[in-house]
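Step one of this worksheet: look at the structure below.
All residue numbers refer to positions in the sequence shown, counting from 1. Being a predicted model, the structure only gives us computed values, none of them experimental.
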Amino acid sequence: CKAAGRGLFEMFSPAMRDEAQKRASALEVARQAVALDRIEPFYQPKVDLDSGRLTGFEALLRWRHPRLGVQLPETLAHAFEDPELGITLGNCMLARVISDMRRWLDMDLPFGRISINASSADFRQADYAQRLLTCLRDAGIPPSLLGVEVTETVFLDRNVESAQKTLQALSAGGISIALDDFGTGYASLSHLKQFPVNVIKIDRAFVSDLMTDVGNAAIVKAVLRLGQSLGIRVIAEGVETAGQVSFLREHGCNLGQGYYFGRPMAADDVVPFIRSWMPSGQA
Ligand code: C2E
Ligand code: CA
Ligand code: CA
Ligand code: CA
């Protein structure tokens, strides 16, 4: 009948079709970027707020488009959710990061610790931790030089036990674990007890208007106290101003990352960045 027919048709509203189309084209773009070897890590510095020293970098995915230039991962969000493509992107990033680290070690460049972001797709592989550790070993890179940043989505979509196993294997192998986007998900507090977490990353959303929003200031202070009482270090992301730096230092935040210290940069720019950051005589 007509009514039923219309009902069926309405299941695919224009909005849904748009969404599906966006998703499909994001996947296509990602597949092409992988096939054409255009995926590359950019590196954003992390700084010890007390000493002002560089402690390492976070590797963030970028891809280069011949006409459009360097592209951000936003449109790739769908690709990370796709089980197959998510794993492929993770593997591409890992291979590039490991080869950059190897090159920097050969140059005696004190880059600190490099963190990669793990997706849910990565965590769905039972051998993820083992594969990471094997890659490091094959490249002769000490596992303590690598960090893995995970968000709570890693725990939510799969059974908690397998995520826990992976994290324990990474941690036992000497890889540092950071809980990313802290405060934006739920059940964060129990995760901190349940999993081997070395670092809490306060989400940019709370840091960005720290100075004007008393609610966010209160959240940041609470996370810092929580870290102190659990013996977990805290890093603030999205630090953009000197005012934020002094607030964070005043309240005992150990580490910071954000445009104030440096934007994500190509691997080639990391070398001069580190050299300019180092106190003279140390290079
Ligand atoms: P994230 O892990 O929370 O990364 C932090 C994001 O904040 C990055 O965006 C970074 O460029 C941006 N950011 C850092 N400092 C500032 C600042 O001071 N101000 C502002 N406005 N932004 C700042 P990006 O590079 O666009 O990455 C977005 C998200 O994409 C990441 O969020 C992460 O969830 C995901 N992503 C990026 N690379 C990878 C990857 O290799 N693997 C996986 N699984 N996810 C990735
Ligand atoms: Ca991250
Ligand atoms: Ca984050
Ligand atoms: Ca984020």
Looking at Tyr259, I'd like to know if the NZ or CZ of Arg263 sits under 6.0 Å from its six-membered ring centre while staying within 45 degrees of the ring's axis.
yes
Within the side chain of Gln244, is there an N or O that forms a donor-acceptor pair under 3.5 Å with the backbone of Thr241?
yes
Rounded to the nearest 0.5 Å, how far apart are CD of Gln21 and CD of Glu28?
13.5 Å
Is there side-chain contact between Met265 and Val270, with heavy atoms separated by less than 4.5 Å?
yes
Parallel under 30°, tilted from 30 to 60°, perpendicular over 60°: which one fits the rings of Phe111 and Trp104?
tilted
Trace of the side chain to side chain contact (heavy atoms under 4.5 Å, CB included) decision for Val34 with Trp63
CA-CA 9 Å; Val34 169; Trp63 84 95; over 6 Å; no
For Leu60 versus Pro264, what's the shortest heavy-atom pair and its separation?
CD1-CG, 3.8 Å
If you define the side chain from C-beta out and look only at heavy atoms, does anything of Arg275 sit under 4.5 Å from Leu109?
yes
Connected via hydrophobic side-chain network under 4.5 Å: Val199 and Phe123:
no
Enter the distance from Asp180:CG to Ser115:OG here, rounded to the nearest 0.5 Å.
9.0 Å
Decide whether Met101 and Met278 are clustered together by the hydrophobic rule: side chain heavy atoms of Ile, Leu, Val, Met, Phe, Trp, Tyr closer than 4.5 Å, transitively.
yes
Phe261 and Val245: side chain to side chain contact (heavy atoms under 4.5 Å, CB included), yes or no, with the steps?
CA-CA 10 Å; Phe261 303 109; Val245 173; 3.8 Å; yes
May I ask whether Phe42 and Met93 are part of the same hydrophobic cluster, defined by side-chain heavy atoms of I, L, V, M, F, W, Y residues being less than 4.5 angstrom apart, directly or through others?
no
When clusters are formed by joining ILVMFWY residues with side-chain heavy atoms under 4.5 Å apart, either directly or through shared neighbours, do Ile98 and Met107 land in the same one?
yes
So, Arg102 side chain and Gly140 main chain: donor-acceptor pair closer than 3.5 Å or not?
yes
Test item: Asp181 side-chain N/O and Thr184 main-chain N/O as donor-acceptor pair under 3.5 Å:
no
Is there a path from Leu49 to Leu255 through hydrophobic residues (I, L, V, M, F, W, Y) whose side chains come within less than 4.5 Å of each other?
no
Take Leu226 and Leu192, measure what side chain to side chain contact (heavy atoms under 4.5 Å, CB included) needs, and give me the verdict at the end.
CA-CA 10 Å; Leu226 179 72; Leu192 286 178; 3.6 Å; yes
Does any N or O in the side chain of Asp138 come within less than 3.5 Å of the main-chain N or O of Cys135, such that one atom is a donor and the other an acceptor?
no
Between Ile116 and Val148, is there a side-chain heavy-atom distance shorter than 4.5 Å?
yes
Tell me, do Ile87 and Tyr128 make a side-chain contact under 4.5 Å, heavy atoms counted?
no
Evaluate the side-chain proximity of Glu81 to His78: yes if any heavy-atom separation is below 4.5 Å, no if none is.
yes
Hey, could you give me the CD1/NE2 distance between Ile200 and His191, rounded to the nearest 0.5 Å?
13.0 Å
Indicate yes or no: at least one non-hydrogen side-chain atom of Arg249 is less than 4.5 angstrom from one of Asp50.
yes
Taking atom CZ of Arg233 as the centre, report whether more than 12 heavy atoms of other residues, nucleotides or ligands fall under 6.0 Å from it.
no
Salt bridge present between Arg103 and Asp106 (N-O < 4.0 angstrom):
no
Rounded to the nearest 0.5 Å, what separates atom CD in Glu149 from atom CD1 in Ile235?
7.5 Å
Keeping Trp277 on the side-chain end and Gly52 on the backbone end, is there a donor-acceptor pair under 3.5 Å?
yes
Would a 4.5 Å heavy-atom cut-off, applied to side chains only, mark Phe206 and Phe182 as touching?
no
Would you please say whether a donor-acceptor pair under 3.5 Å links the side chains of Gln44 and Gln257?
yes
Scanning both residues in full, the closest heavy-atom pair of Ser120 with Thr153 reads OG-OG1, 3.6 Å
Which atoms form the tightest heavy-atom contact between Ala267 and Asp100, and what is the distance?
CB-OD2, 3.6 Å
Identify which one of Val223, Val220, Val234, Leu224 satisfies the side chain to side chain contact (heavy atoms under 4.5 Å, CB included) criterion when paired with His251.
Leu224
Atom CD of Gln194 with >12 non-hydrogen neighbours under 6.0 angstrom
yes
Side-chain heavy atoms of Ile175 within contact of Leu136, under 4.5 Å
yes
Are any side-chain N or O atoms of Asn198 and backbone N or O atoms of Ile177, one a donor and one an acceptor, separated by less than 3.5 Å?
yes
Should the pair Phe57 and Phe273 be assigned to parallel (<30°), tilted (30 to 60°) or perpendicular (>60°) ring geometry?
perpendicular
Closest approach of Val207 to Ala236 (non-hydrogen atoms, all atoms of both residues)
CG2-CB, 4.0 Å
Has Thr134 got a side-chain atom pairing as donor or acceptor with Gln130's backbone, closer than 3.5 angstrom?
yes
Which distance, rounded to the nearest 0.5 Å, do you find between the CG of Leu105 and the CG of Leu145?
6.0 Å
How many angstroms lie between CZ in Arg113 and CG in Leu146, if you round to the nearest 0.5 Å?
8.5 Å
How close do Pro196 and Ser171 get, counting heavy atoms only, and between which atoms?
CB-OG, 3.6 Å
Could you pull out the closest heavy-atom pair between Pro45 and Leu54, with the gap in Å?
CB-CD1, 3.7 Å
